[in-house]
Student: 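There's a structure below that I have some questions on.
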Protein chains: 2
Amino acid sequence: MASASTRHNIIEIADDLFYRGGFEATSFADIAVKAGISRGNFYYYFKTKDEILDAVIDRRLQRTRAMLDGWEAQAPKPRERIVAFIELLIANRAPIMAHGCPVGTLCAELAKLDHVHQERAAEIFGLFAHWLEKQFRVLGADEAAREWALHVLAWSQGVASLATAFKDEEFIRREVADIAGWLDGRIASLSN
Amino acid sequence: MASASTRHNIIEIADDLFYRGGFEATSFADIAVKAGISRGNFYYYFKTKDEILDAVIDRRLQRTRAMLDGWEAQAPKPRERIVAFIELLIANRAPIMAHGCPVGTLCAELAKLDHVHQERAAEIFGLFAHWLEKQFRVLGADEAAREWALHVLAWSQGVASLATAFKDEEFIRREVADIAGWLDGRIASLSN
DNA sequence: GCATTATTTGGACAATTGTCCTAATCATGC
DNA sequence: GCATGATTAGGACAATTGTCCAAATAATGC
């Protein structure tokens with residue numbers, strides 16, 4: 001059945017184009033050309049632009065869950081799991097310096113457009129927040145777990161934001177090391 | 001001379017609309033309607049959309065300089081000056097939760113558009129970074145001044161980013177208090 | 001091999017985009 | 001009060017937007 005794979009391919013292309021150029025600036029035509037289908041065929045799968053956005057957000061939610069599950073499977077200790085999250089900044093430094101964080105920039109754009117899918121996009125942040133909170137809870141941080149999770153998330157967002165503006169790779173590495181240092185400080189404070 | 005005030009008015013309206021809706025999503029027509037002038041008259045002042053963006057960035061640079069100068073004039077101590085910067089997040093919490101940080105979101109959008117004025121927009125960040133660095137230097141942080149300045153800037157950016165996504169005012173207040181706490185810790189570490 | 005879907009195509013559509021021009025109106029100096 | 005230049009109005013323009021449709025083609029079940 002060609003339908004499922006064609007649909008999947010459209011979502012994949014749209015996801016990439018939305019990330020690299022933004023949702024509003026990416027047109028039906030852009031996606032169709034890159035996906036190698038006619039604009040008419042496009043309409044067969046998605047009636048409106050918002051429907052594609054919805055599918056792209058779904059895909060990102062799904063891939064985020066898979067990534068978080070992967071980290072849990074690969075690293076047994078919460079500290080290493082959290083470090084894996086932080087080091088995303090280094091692993092993705094090139095696209096981040098070019099186009100920012102995929103989650104943060106999408107949320108920011110949808111906020112400006114006052115878009116209905118604004119909250120669904122924020123759910124991706126929610127996944128990270130909840131996952132980080134879980135790791136901190138395993139570490140023994142009870143009341144502070146939620147706050148620490150949001151703090152790590154915010155910190156990494158800030159690093160991505162400045163990295164996009166200044167294109168400074170050294171800055172990313174330094175801040176990632178600082179976050180890791182902060183993390184170890186928190187962990188040490190728990191054993192008292 | 002009507003020319004100067006009309007031109008100034010256009011820039012002011014464009015600045016606001018670019019912030020609230022984004023550069024790409026704001027049209028000539030939007031600005032003209034809101035400014036109460038005809039689209040034809042618009043062209044008399046600005047030939048291209050990039051020219052308006054250029055003027056808006058100029059205006060933001062100028063207002064940022066004025067704000068930073070104001071803080072220096074009002075607060076004699078560097079600590080209070082830096083706190084004034086951090087508390088921008090609280091003072092502007094409503095628009096930040098609705099449309100993000102004006103500087104961060106503009107830089108992110110221009111990065112995605114691969115726009116020529118990308119670096120000029122990043123200059124606004126540069127003003128904040130340089131000013132913060134100066135304050136830390138007065139405090140006695142020599143080699144660390146630049147790093148600390150970028151750290152505070154990134155931190156506040158991250159808070160703005162998550163605040164836009166989650167619309168969580170309590171989170172903003174908590175993080176601002178944390179930044180102030182971190183700042184006092186740095187200051188204390190300097191007197192050793 | 002025929003009938004019925006599923007899929008794809010190319011283009012129509014009204015609206016909007018940034019850009020540009022001409023003609024009218026205004027203000028000012030003399 | 002007239003001439004000159006500054007300012008404004010309104011619309012033309014080609015291109016592009018998201019949306020939608022009818023007809024052609026491909027795939028499938030019987």
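Just so it is clear, the model here is predicted, and its values are computed rather than measured.
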Student: Between A:Tyr45 and C:dT8, is there a contact of a side-chain N or O with OP1 or OP2 at under 4.0 Å?
Tutor: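 Indeed, a polar side-chain atom of A:Tyr45 lies that close.
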Student: Return the minimal non-hydrogen interatomic distance between A:Ile172 and A:Leu89, and the atom names on each side.
Tutor: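 Minimum heavy-atom contact is CG2-O, 3.8 Å.
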Student: What integer distance in Å separates A:Lys47:NZ from C:dT7:C1'?
Tutor: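 Rounding to the nearest Å, NZ of A:Lys47 and C1' of C:dT7 are 12 Å apart.
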Student: Check each residue of residues 48-59 of chain B for a non-hydrogen atom within less than 4.0 Å of any atom in DNA chain C, then write out the ones that pass by number, or none.
Tutor: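 Output list: B:Thr48, B:Lys49.
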Student: Five pairs per end, C1' atoms only: what is the angle between the end axes of the helix from C:dG1-D:dC30 to C:dC30-D:dG1, to 10 degrees?
Tutor: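 Result, rounded to 10 degrees: 10°.
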Student: For the residue pair B:Trp182 and B:Phe136, categorise the inter-ring angle as parallel (less than 30°), tilted (30 to 60°) or perpendicular (more than 60°).
Tutor: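 The arrangement is perpendicular - the two ring planes meet at more than 60°.
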Student: Should A:Thr6 be listed as having a side-chain N or O under 4.0 Å from OP1 or OP2 of C:dT7?
Tutor: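 No.
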Student: Using a cut-off of less than 4.0 Å, is there contact between a side-chain N or O of A:Tyr43 and OP1 or OP2 of D:dC20?
Tutor: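 A:Tyr43 to D:dC20 OP1/OP2: side-chain N or O found under 4.0 Å.
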Student: Under a 4.0 Å N-O cut-off, is there an ion pair linking B:Arg120 with B:Asp58?
Tutor: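 Looking at B:Asp58 together with B:Arg120, the answer is yes, because their closest N to O distance falls below 4.0 Å.
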Student: Check every atom of D:dT19, C:dT19, C:dT17 against the side chain of B:Phe28 and return the nucleotide holding the closest atom.
Tutor: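 The answer is C:dT19.
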Student: Please work out if A:Ser38 contacts a base, only the sugar-phosphate, or nothing of the nucleic acid, heavy-atom cut-off 4.0 Å.
Tutor: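 Here A:Ser38 touches the bases of the nucleic acid.
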Student: Given atom CZ of A:Phe46 and atom P of D:dG18, what is their separation to the nearest angstrom?
Tutor: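 One finds 15 Å between P of D:dG18 and CZ of A:Phe46, rounded.
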Student: Quick test of your reading of the model: are B:Asp30 and B:Lys34 salt-bridged, counting only N-O distances below 4.0 Å?
Tutor: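 Answer for the salt bridge query: no.
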Student: As an exercise, state the distance from NZ of A:Lys47 to CZ of A:Phe42, rounded to the nearest 0.5 Å.
Tutor: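 Rounded to the nearest 0.5 Å, the NZ-CZ separation comes to 12.0 Å.
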Student: How many Å lie between NE2 on A:His115 and P on D:dG18, as a whole number?
Tutor: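 One finds 12 Å between P of D:dG18 and NE2 of A:His115, rounded.
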Student: Rounding to an integer number of Å, can you tell me how far A:Asn41 CG sits from D:dA24 P?
Tutor: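 That distance rounds to 17 Å.
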Student: Starting at CZ of A:Arg39 and ending at P of D:dT16, how long is that distance when rounded to a whole Å?
Tutor: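 It is 11 Å, rounded to the nearest whole Å.
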Student: Classify the angle between the aromatic ring planes of A:Tyr19 and A:His99 as parallel (below 30°), tilted (30 to 60°) or perpendicular (above 60°).
Tutor: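 Perpendicular: the ring planes of A:Tyr19 and A:His99 meet at over 60°.
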Student: Of the non-hydrogen atoms in A:Ile52 and A:Ala14, which two are nearest, and what is the gap between them?
Tutor: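 Heavy atoms of A:Ile52 and A:Ala14 come nearest at CG2-CB, 3.7 Å.
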Student: Can you check the B:Leu17 CG to C:dT17 P distance for me, whole Å?
Tutor: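 After rounding, the reported distance stands at 12 Å.
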Student: Could you list the donor-acceptor pairs under 3.5 angstrom formed by side chains in residues 124-131 of chain A, with sequence neighbours left out?
Tutor:
unit_1: A:Trp131; atom_1: NE1; unit_2: A:Leu68; atom_2: O; d: 3.4
unit_1: A:Trp131; atom_1: NE1; unit_2: A:Glu72; atom_2: OE2; d: 3.3

Student: Specify the separation, in whole Å, of atom CD1 of B:Ile37 and atom P of C:dT25.
Tutor: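 Distance check: B:Ile37 CD1 to C:dT25 P gives 19 Å.
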Student: Can you confirm whether more than 12 heavy atoms, excluding those of A:Glu119, are under 6.0 Å from its CD atom?
Tutor: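 No.
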Student: Side chain of B:Tyr44: nearest nucleotide among C:dT17, D:dT7, D:dT19?
Tutor: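 Per side-chain heavy atoms of B:Tyr44, the pick is D:dT7.
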